[in-house]
There are 2 protein chains.
Amino acid sequence: MSDAYYLQLTEQLRHLIDQNAVHWDGKLPAERALAERFATTRVTLRQALAQLEGEGLIHRSNRRGWFISPARLVYDPTRDAGFNDYVRAQGRQPRTAVLKLETRAHVPAARALGLPDDQPFHHIRRRRYVDDRAVLVESLWVVPERAPELLDIYSGQSLWGLLRERWGHYLANRSIRMVSEALLPIDAEELLVAPGTAGLNINRAILDDQQRPIEYDEEHWLHDSLCISVELSGQQ
Amino acid sequence: MSDAYYLQLTEQLRHLIDQNAVHWDGKLPAERALAERFATTRVTLRQALAQLEGEGLIHRSNRRGWFISPARLVYDPTRDAGFNDYVRAQGRQPRTAVLKLETRAHVPAARALGLPDDQPFHHIRRRRYVDDRAVLVESLWVVPERAPELLDIYSGQSLWGLLRERWGHYLANRSIRMVSEALLPIDAEELLVAPGTAGLNINRAILDDQQRPIEYDEEHWLHDSLCISVELSGQQ
DNA sequence: TAGTGGTCTAGACCACTCT
DNA sequence: GAGTGGTCTAGACCACTAC
């Protein structure tokens, strides 16, 4: 079973990529050109490319082609360093685009924070980039009482920094969940990738030091752009 | 773009699965039967099934067919409750099969623990099940000086329990990494799934309270069987 | 406008599972 | 032995990107 041609192809493509990464400037030749070079059809070639995509070695952008994936961003969800800080700390360039600002109810946020289903939230939808590649979209759902004028003043900065500096909120209790997912068409479109692309979904429910609900967020990352790292010391 | 037929198919399949899960006993009809029912080809049908597989709703076993995936196991990598304990705590049935016991060098383990590349380790390879579904394979690399007779006495129980009870080791410092992956043919075969199936790779490097290296392990989970959960309280 | 990736058709053979 | 999923062929059209 391991002698399937598409699996041999993945090995050949791996070597080809290693040797030509710089020369190609990160972009692979067209599928039809690669299929011809390896004397096979586009279907089989795409099966091999999909395997490498699953491994995180390459990725697709829209209809623009296949690209070699940059190194994964190392991310520790147990620390609350802002996105901008830890991206820069790894020598990369962060960027944020705000996609939507509104106030409305959202059942998953309400459930996660123990609030009634019709509880309204300030909703911030934003897309974040590393070195100009869009790597995640996220929705933040903030309890309006905790940050009343949030939507008037928000413009892409760190939300946690804002909550702490302007409203003095202390993000004491965090409940984090991570599951792999296939990006839904709506999320995929905002990340400029094909629907069904593998992703990682990270949710957080955050309460303050008096157990008052503050915020709930849902992140959708491209699966190949992330390495989750947790360092623990002391007793369990 | 969202009107692609295979995306409409995923919706229809979702409903079909919801309504017939019990009746089918968890196994979907044959691909050819489904393709005929939806008046399309196997290629397009499989594209829809692959989307649902990526979402974790269904999975494949070997050449046996498509099955509805059970609920994800919730797993907190920051706690050191053993696999058997937290599986049972969620009302599921754990099982472990030992695949290999040997002593040899392993460069990734050596690097992660700060030891020379030719450092030998006691190696335990095991496959773990939840409710009789194989959900992960893992390799454990233990520094022999810390547990000399390990391979003579090991028979599938909790390794961490053994290290604590028999050798008095205190697993104080843990460095954990998680990345999504596509299962390599060797791991896929041991999990009875097709090569390239989406997985989650979890690595741990463990030192004791005096910073002495004890153990390194590599887990390969089926991506749809896991929900990672971390609960944090107190200051950051 | 030319070329690309995304989608889809209509088959085929093989290795393997099930019974 | 029958049926299944895994793999592969040789095309095709369309929507979109890049120029």
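None of the values given here were measured: they were computed from a predicted structure. Below, chains carry the letters A, B, ... as their sequence lines are ordered, and counting in each starts from 1.
- For B:Arg42 and D:dG6, a side-chain-to-base donor-acceptor distance below 3.5 Å is present, hydrogens and geometry of angles not being considered.
- B:Leu7 has its CG atom 15 Å from the P atom of D:dA15, to the nearest Å.
- The interatomic distance linking A:Leu49 (CG) with D:dT7 (C1') rounds to 16 Å, in whole Å.
- Here C:dT9 presents its C1' atom at 14 Å from CG of B:Leu45, a figure rounded to the nearest Å.
- The side chain of A:Gln47 approaches D:dT7 more closely than any other nucleotide in the set D:dT7, C:dT9, C:dC8.
- Counting to the nearest Å, the P atom of D:dG11 and the CD atom of A:Glu31 are 18 Å from each other.
- Contact annotation: B:Arg60 side-chain N/O to D:dG5 OP1/OP2 distance is not under 4.0 Å.
- Contact annotation: A:Arg46 side-chain N/O to C:dG6 OP1/OP2 distance is under 4.0 Å.
- Side chain of A:Ser61 to main chain of A:Arg64: no donor-acceptor pair is present (N/O by atom type, distance under 3.5 Å, no hydrogens or angles).
- Side-chain nitrogen and oxygen atoms of B:Thr44 include none within less than 4.0 Å of the OP1 or OP2 phosphate oxygen of C:dT7.
- Judged by atom type and distance alone, A:Arg32 does not reach the base of C:dG3 through any side-chain donor-acceptor pair under 3.5 Å.
- Between the P atom of C:dC8 and the CD atom of B:Gln51 lies a distance of 12 Å, rounded to the nearest Å.
- Atom CZ in A:Phe67 sits about 12 Å away from atom P in D:dT17, given to the nearest Å.
- Counting only heavy atoms from C-beta on, A:Arg63 has its side chain closest to D:dC16 among C:dT7, D:dC16, D:dG5.
- Comparing B:Tyr5 and A:Leu28 along DNA chain C, the residue whose closest nucleotide (by nearest heavy atom) sits nearer the 5' end is A:Leu28.
- Between the side chains of A:Tyr129 and A:Arg92, not a single donor N or O lies within less than 3.5 Å of an accepting N or O.
- A:Phe67 and A:His59 have parallel rings, their planes meeting at less than 30° on a 0 to 90° scale where 60° marks the start of perpendicular.
- Distance, A:Glu36 CD to D:dG11 C1': 15 Å, rounded to whole Å.
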> Can you list the steps and then say if B:Glu218 with B:Glu138 is a side-chain contact (heavy atoms from CB on, under 4.5 Å)?
Replying inline: CA-CA 5 Å; B:Glu218 297 177 343; B:Glu138 65 178 335; over 6 Å; no

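- With rounding to whole Å, B:Glu189 atom CD is found 14 Å from D:dG6 atom P.
- Between A:Arg64 and D:dA18 there is a side-chain N or O to OP1 or OP2 distance below 4.0 Å.
- Looking only at distances, a side-chain donor or acceptor of B:Asp131 sits under 3.5 Å from a matching main-chain atom of B:Gln93.
- Considering only side-chain N and O atoms, B:Tyr6 lies under 4.0 angstrom from the phosphate OP1 or OP2 of C:dT7.
- With the nearest nucleotide of DNA chain D identified for both B:Gly65 and A:Thr41, B:Gly65 has the one nearer the 5' end.
- Put simply, B:Thr40 has no side-chain N or O that comes within less than 4.0 Å of OP1 or OP2 on C:dC8.
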